[in-house]
K.L.:
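Let me give you the structure first, and then I'll get to my questions.
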Protein chains: 2
Amino acid sequence: MTEEKDLFAEYLSRNNLRMTPQRGLILDVFLRTEGHITSEELYSRVKRKDRSIGQATVYRTLKLLSDAGLAREVDFGDGILRYEHDYAHEHHDHIICERCNRQIEVIDEGIERLQERLAKRHGFHLTGHRMYLYGICPECMKRKDRKGSLRKTGHTSG
Amino acid sequence: MTEEKDLFAEYLSRNNLRMTPQRGLILDVFLRTEGHITSEELYSRVKRKDRSIGQATVYRTLKLLSDAGLAREVDFGDGILRYEHDYAHEHHDHIICERCNRQIEVIDEGIERLQERLAKRHGFHLTGHRMYLYGICPECMKRKDRKGSLRKTGHTSG
DNA sequence: TATGATAATGATAACCATTATCATTTTATT
DNA sequence: AATAAAATGATAATGGTTATCATTATCATA
Ligand SMILES: [Mn+2]
Ligand SMILES: [Mn+2]
Ligand SMILES: [Zn+2]
Ligand SMILES: [Zn+2]
């Protein structure tokens with residue numbers, strides 16, 4: 001946590017930006033929050049510690065944290081950007097349950113390798129990727145056809 | 001093209017919806033347009049043939065076409081939904097160039113297989129996926145560091 | 001071929017996450 | 001202190017998409 005703060009401070013000074021109480025607080029709260037958090041959620045958490053904080057500052061800081069390599073944007077495709085820790089966190093992809101929205105983090109070295117090869121085969125230099133698997137989680141599998149909260153994205157039948 | 005129209009008609013009647021001149025025209029123009037088209041683009045094309053068409057109708061019809069299995073939503077992550085043909089078109093994924101936005105369609109059976117296995121390993125029943133690779137295309141590789149139109153998504157360094 | 005019932009259309013307003021604007025305040029440097 | 005540069009927070013704006021709603025078109029039936 002101190003290490004992350006140092007990294008952020010270094011990133012800021014390297015870019016002629018300034019460490020401020022707001023930025024420090026936002027980073028703190030972010031680091032204490034596991035999972036995939038929206039700017040809105042983070043804003044409401046930060047506001048509990050500093051009534052006067054502005055929502056725009058949270059948006060701005062989250063962007064800075066992403067550039068600094070401390071946060072990573074996660075886009076589940078529902079129109080709301082989420083953020084997760086990106087420092088000392090291994091890269092991973094996500095499986096999302098279309099029934100209950102449960103999300104788990106997964107990694108498959110084989111897939112990563114093949115992605116690299118696939119890009120190369122087409123002459124591309126691969127710099128990143130987004131991969132989201134959609135399905136039905138084990139729990140939802142048991143309680144059969146609860147058609148209740150289907151997500152209705154267009155990812156089904158890929 | 002007649003086959004697609006039949007499929008659409010069948011889908012509509014199956015859902016107690018009606019085939020209309022507007023829907024027919026929108027499907028026609030959509031089928032004649034290759035690539036990944038936005039609702040806006042399709043709207044302007046359709047409007048050339050029917051001045052009186054409404055933009056909402058294009059949005060609505062595109063959604064219907066997706067449900068009917070004739071169109072597929074493509075989300076490159078820039079906040080604009082695109083659509084591509086989905087009937088008699090093999091599933092594929094995309095590589096997008098971060099410099100010039102060129103996009104190519106790719107498929108890797110090995111990856112598809114591993115995705116299936118990865119989901120199963122976590123107890124999920126896989127229903128679909130989204131995979132976008134980001135990189136630098138061969139052309140942009142040659143004309144070095146044209147930092148011109150960098151996309152600035154957050155997908156880099158996956 | 002009128003008549004209801006239902007669905008579709010097009011114009012427009014609303015939505016909503018995110019960005020831009022800008023006056024004011026804070027911070028770093030002289 | 002004085003100055004310049006950057007950050008903040010309130011608020012307006014953005015822009016793709018969706019909701020609303022009065023009007024029109026379509027379908028089934030008599
Ligand atoms: Mn994650
Ligand atoms: Mn495609
Ligand atoms: Zn589930
Ligand atoms: Zn390129």
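Only a predicted model underlies this, so the values are computations on that prediction, with no experimental measurement involved. Below, chains carry the letters A, B, ... as their sequence lines are ordered, and counting in each starts from 1.
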K.L.:
Find every protein N or O atom lying less than 3.5 Å from an N or O atom of nucleotides 4-7 of chain D, and list the pairs.
P.N.:
unit_1	atom_1	unit_2	atom_2	d
D:dA5	N3	A:R18	NH1	3.0
D:dA6	O4'	A:R18	NH1	3.2
D:dA7	OP1	A:R18	N	3.1
D:dA7	OP1	A:R23	NH1	2.7
D:dA7	OP1	A:R23	NH2	3.2

K.L.:
Inspect the contact between A:K5 and A:D28 and indicate whether a charged nitrogen and a carboxylate oxygen are less than 4.0 angstrom apart.
P.N.:
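Yes.
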
K.L.:
Take the protein atom CD1 of B:I37 and the nucleotide atom C1' of D:dG16, then report the distance between them rounded to whole Å.
P.N.:
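It works out to 16 Å between those atoms.
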
K.L.:
Calculate the interatomic distance between B:I53 atom CD1 and C:dT12 atom C1'; express it in whole Å.
P.N.:
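Checked: the CD1 to C1' distance equals 17 Å.
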
K.L.:
Could you state the CG-C1' distance from B:D50 to C:dG10, rounded to the nearest angstrom?
P.N.:
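Interatomic distance, CG of B:D50 to C1' of C:dG10: 11 Å.
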
K.L.:
Could you check how far OH of A:Y59 sits from P of C:dC16, rounded to whole Å?
P.N.:
13 Å

K.L.:
Within the 3.5 Å criterion, strictly below it, is a donor on B:H122 or A:E105 matched to an acceptor on the partner's side chain?
P.N.:
no

K.L.:
Does a sphere of radius 6.0 Å around CZ in B:R121 hold more than 12 heavy atoms from other residues, nucleotides or ligands, not counting ones at 6.0 Å or beyond?
P.N.:
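Yes - once you tally the heavy atoms of other residues, nucleotides and ligands closer than 6.0 Å, there are more than 12.
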
K.L.:
Taking atom types as modelled, is there a side-chain donor on B:E98 or A:T127 under 3.5 Å from an acceptor on the other?
P.N.:
yes

K.L.:
Identify whether any heavy atom of B:T38 sits under 4.0 Å from a base atom; if not, whether one sits that close to sugar-phosphate; answer base, sugar-phosphate or nothing.
P.N.:
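Here B:T38 touches no strand at all.
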
K.L.:
For the residue pair A:Y87 and A:E3, confirm or rule out a side-chain donor-acceptor distance under 3.5 Å.
P.N.:
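Per modelled atom types, A:Y87 and A:E3 side chains form a pair under 3.5 Å.
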
K.L.:
Distance check needed: D:dT14 C1' versus B:I80 CD1, whole Å only.
P.N.:
13 Å

K.L.:
Report yes if a side-chain nitrogen or oxygen of B:K63 is closer than 4.0 Å to either non-bridging phosphate oxygen (OP1 or OP2) of D:dT17; otherwise report no.
P.N.:
no

K.L.:
Nearest whole angstrom, please: distance from the P of D:dG9 to the CD1 of A:I26.
P.N.:
8 Å

K.L.:
Using whole Å, what does the distance between atom C1' of nucleotide D:dT8 and atom CG of A:L25 come to?
P.N.:
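Taking CG of A:L25 and C1' of D:dT8, I get 14 Å after rounding.
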
K.L.:
Can you classify the ring geometry of B:H85 versus B:H89 as parallel (below 30°), tilted (30 to 60°) or perpendicular (above 60°)?
P.N.:
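Ring orientation of B:H85 relative to B:H89: perpendicular.
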
K.L.:
Strictly by modelled atom types, are A:D93 and A:H129 linked by a side-chain donor-acceptor pair under 3.5 Å?
P.N.:
yes

K.L.:
On DNA chain D, nearest-nucleotide positions of B:A56 versus B:G79: which is more 5'?
P.N.:
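So the residue in question is B:G79.
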
K.L.:
Grab the CG-P distance between B:N15 and C:dA7 for me, whole Å please.
P.N.:
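Spelled out: CG on B:N15 to P on C:dA7 is 11 Å.
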
